[in-house]
Amino acid sequence: MKLTILGGGGFRVPLVYGALLTDRAEGRVTRVVLHDLDAERLSAVTRVLAEQAAGVPGAPEVSATTDLDEALRGADFVFSAIRVGGLAGRADDERVALAEGVLGQETVGAGGIAYGLRTVPVAVDIARRVARLAPDAWVINFTNPAGLVTEAMSRHLGDRVIGICDSPVGLGRRIARVLGADPGQAWIDYVGLNHLGWVRGLRVAGRDELPRLLADPELLGSFEEGKLFGADWLRSLGAVPNEYLHYYYFNREAVRAYQEARQTRGAFLRDQQARFYTRLKDPGAAALAAWEHTRAEREATYMAENRETAGAGERDADDLSGGYEKVALALMRAIARDERTTLILNVRNRGTLSVLDAEAVIEVPCLVDANGAHPVAVDPLPAHATGLVCAVKAVEREVLSAAESGSRARAVTAFALHPLVDSVNVARRLVEGYTEVHPGLGYLK
């Protein structure tokens with residue numbers, strides 16, 4: 001089975017390959033093709049993968065190419081993990097937004113809109129190529145903003161593109177662990193959009209254990225989201241939000257922390273990964289050891305400003321093990337082998353959430369089998385969540401409209417309508433600022 005990884009020179013590709021090395025079952029991936037526009041990054045990652053595979057019998061064969069059509073042709077699965085504009089683009093997204101006093105995070109607020117405007121045209125081109133060159137392939141989208149990009153690609157690939165994120169899985173795992181339950185045996189009632197969802201229940205043997213968590217301040221203060229949001233706020237919501245909702249519920253504090261930080265997250269990762277890839281230009285460097293050291297530092301500093309604002313302290317060791325590669329592999333196995341499972345995924349709504357239309361991509365539990373991912377019916381959202389979900393989905397639709405039409409006015413509307421951008425004038429300045437620093441937004445007229 002052939003797996004193509006777009007963005008194959010990306011730093012997290014060894015996580016995926018490492019997971020593949022543990023798969024010994026029939027129908028497993030035997031060939032991995034890495035595609036990237038940067039040949040030097042491809043070379044560096046290929047070296048890491050070679051060291052990972054050393055001594056592993058039957059390790060999937062790895063090849064690399066800068067030719068997109070060659071990479072896609074004949075693929076059974078495509079993992080799309082591209083980053084249009086690179087980490088330098090992410091750092092610019094943050095800088096332009098913070099100069100206007102609004103959030104520049106890569107998936108939330110102004111930064112997420114800018115990243116989406118750059119990424120959607122490229123993702124749509126990929127979707128069209130997949131439809132032409134590998135019509136039977138399944139596309140698993142890692143690319144952020146994951147829900148928005150998945151929806152853009154679904155207009156050309158239908159249900160054969162599925163978006164993934166490890167945040168809901170990690171959240172459910174942490175809640176189950178705190179409650180003394182086996183995460184593998186728990187049903188997580190999670191609903192929303194990517195990076196905008198809530199756990200409303202966690203059922204073990206048919207019993208909802210979430211009320212027990214919400215009633216216990218000590219338990220609430222013992223895991224990441226409890227520390228981030230505080231016990232009082234979680235009890236007020238009657239749910240546990242995805243960690244990214246910290247940017248909404250504590251926006252002023254988050255913006256101030258980012259403004260006062262020595263470096264934004266994007267700038268930190270830009271510089272950190274530049275050092276990694278530069279080091280691997282030395283043919284004598286230990287590639288896998290360098291990657292593991294860099295990854296450990298990356299994970300430990302994740303959402304550091306938010307944790308500092310909330311007084312949440314350091315991340316727990318159990319939360320440093322990644323996870324998105326495990327979701328992707330579980331999804332791929334379920335489809336390829338008809339190993340039926342349940343995963344929280346980004347899929348077309350199909351009436352699951354009545355407040356959104358059928359084509360809107362949402363993030364909910366899905367039953368997965370050989371025919372793809374099927375969203376499970378969920379109860380209506382409470383009013384506060386409905387308002388936020390509908391507002392952000394409206395923004396995503398404006399981004400898609402701007403990307404399709406090239407309309408600068410639609411781009412301004414997308415920024416202006418976002419709940420974290422508080423002025424039409426700020427929205428206009430953001431579009432000006434982003435088009436100045438990103439050549440890829442030259443299509444907006």
Side-chain angles (χ1 to χ4, degrees), residues 7-16 34 36-49 51 81-100 102-112 114-116 118-119 142-145 166 243-244 247 254-309 314-315 319-320 322 324 433-434 436-441:
F11 182 79
R12 294 202 288 181
V13 168
L15 291 172
V16 174
L34 307 180
D36 205 288
L37 301 178
D38 189 323
E40 288 188 347
R41 288 168 63 97
L42 274 177
S43 175
V45 170
T46 301
R47 285 180 56 195
V48 176
L49 270 50
E51 291 189 21
I82 62 174
R83 179 174 287 281
V84 180
L87 286 170
R90 175 175 175 177
D92 286 337
D93 289 343
E94 294 165 335
R95 178 177 55 80
V96 171
L98 289 172
E100 292 292 340
V102 297
L103 187 70
Q105 204 275 337
E106 71 166 337
T107 62
V108 177
Y115 190 24
R118 290 202 310 281
T119 304
F142 298 67
T143 301
N144 279 324
D166 59 349
E243 60 198 347
Y244 282 83
Y247 293 116
V255 170
R256 183 167 61 248
Y258 273 75
Q259 288 175 324
E260 294 174 354
R262 186 178 65 85
Q263 269 189 314
T264 63
R265 178 67 173 171
F268 166 78
L269 292 175
R270 176 198 63 201
D271 296 346
Q272 184 204 43
Q273 291 191 24
R275 291 191 296 270
F276 166 75
Y277 287 107
T278 298
R279 182 176 179 185
L280 261 64
K281 289 180 181 179
D282 175 2
L288 181 57
W291 177 79
E292 288 175 337
H293 172 79
T294 305
R295 176 182 170 242
E297 182 183 38
R298 172 194 176 110
E299 294 296 331
T301 55
Y302 176 70
M303 290 189 79
E305 291 81 8
N306 301 71
R307 294 199 311 278
E308 182 177 351
T309 295
E314 298 297 317
R315 292 185 78 193
D319 291 332
L320 302 181
Y324 89 125
Y434 284 129
E436 286 178 8
V437 299
H438 294 310
L441 293 181

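Counting from 1, the numbers follow the sequence of the chain as shown. Computation of the quantities below employed the complete heavy-atom set of this structure, encompassing side-chain atoms and omitting hydrogens, waters and symmetry-equivalent molecules.
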Check: Looking just at side-chain N and O atoms, do Gln272 and Glu297 make a donor-acceptor pair shorter than 3.5 Å?
Finding: yes

Next item on the list: Please report the closest heavy-atom contact between Tyr277 and Phe11, naming both atoms and the distance.
Entry: OH-N, 3.2 Å

Notebook entry, point to check: Do Arg295 and Leu15 pass the side chain to side chain contact (heavy atoms under 4.5 Å, CB included) test, and can you show the C-alpha distance, the side-chain angles, and the key distance before you say yes or no?
Noted result: CA-CA 10 Å; Arg295 176 182 170 242; Leu15 291 172; 3.3 Å; yes

Note to self: Run the side chain to side chain contact (heavy atoms under 4.5 Å, CB included) test against Asn144 and tell me which residues pass, sequence neighbours left out.
What the structure shows: Glu106, Thr107, Tyr115, Ala146, Asn194, His195

Item checked: salt bridge (Lys or Arg N to Asp or Glu O under 4.0 Å) against Arg118, all qualifying residues, sequence neighbours excluded -> Asp93

Checklist line | Closest approach of Ala110 to Val102 (non-hydrogen atoms, all atoms of both residues) | finding: CB-CG2, 4.1 Å

Notebook entry, point to check: Of all heavy-atom pairs between Gly9 and Asp36, which one has the smallest distance, and what is that distance?
Noted result: N-OD2, 2.9 Å

Item checked: Chi angles and distances behind the side chain to side chain contact (heavy atoms under 4.5 Å, CB included) call for Val437, Arg95 -> CA-CA 10 Å; Val437 299; Arg95 178 177 55 80; 3.6 Å; yes

Next item on the list: Could you give me the CA-CA distance, side-chain angles and deciding distance for Tyr244 and Gln105, then say whether side chain to side chain contact (heavy atoms under 4.5 Å, CB included) is met?
Entry: CA-CA 10 Å; Tyr244 282 83; Gln105 204 275 337; 3.4 Å; yes

Next item on the list: Identify the residue among Arg262, Gln273, Gln263 that makes a side chain to side chain contact (heavy atoms under 4.5 Å, CB included) with Phe268.
Entry: Gln263

Item checked: From Arg298 atom CZ to His293 atom NE2, the distance as rounded to the nearest 0.5 Å -> 14.0 Å

Next item on the list: Provide the closest heavy-atom pair for Leu42 versus Thr46 in the form atom of the first, atom of the second, distance.
Entry: O-OG1, 2.7 Å

Check: Quick one: side chain to side chain contact (heavy atoms under 4.5 Å, CB included) partners of Ala290, sequence neighbours excluded?
Finding: Phe276, Arg279, Leu280

Next item on the list: For Leu269 and Leu87, work out which heavy atoms get closest and say how close.
Entry: O-CD1, 3.5 Å

Next item on the list: Kindly check if the number of other-residue, nucleotide or ligand heavy atoms within 6.0 Å of CD (Glu40) is above 12?
Entry: no

Next item on the list: Look at the rings of Tyr434 and His438 and say which category their plane angle falls in: under 30° parallel, 30 to 60° tilted, over 60° perpendicular.
Entry: parallel

Check: To the nearest 0.5 Å, how far apart are CD in Glu94 and OG1 in Thr264?
Finding: 3.5 Å

Checklist line | Closest contact, heavy atoms only, Arg270 versus Ala91 | finding: NH1-CB, 3.6 Å

Check: Which value, rounded to the nearest 0.5 Å, describes the distance between Glu299 atom CD and Thr294 atom OG1?
Finding: 12.0 Å

Notebook entry, point to check: Distance under 6.0 Å and angle within 45° of the ring axis: does Arg12 meet both against Tyr324?
Noted result: yes

Item checked: Minimum side-chain heavy-atom gap Leu34-Leu49 below 4.5 Å -> yes

Note to self: Checking the side chain of Arg83 only, and the main-chain atoms of Arg90 only, is there a donor and an acceptor separated by less than 3.5 Å?
What the structure shows: no

Checklist line | Min side-chain heavy-atom separation Phe142-Asp166 under 4.5 Å | finding: no

Note to self: If I take atom CG from residue Leu98 and atom CG from residue Leu103, how far apart are they, to the nearest 0.5 angstrom?
What the structure shows: 7.0 Å

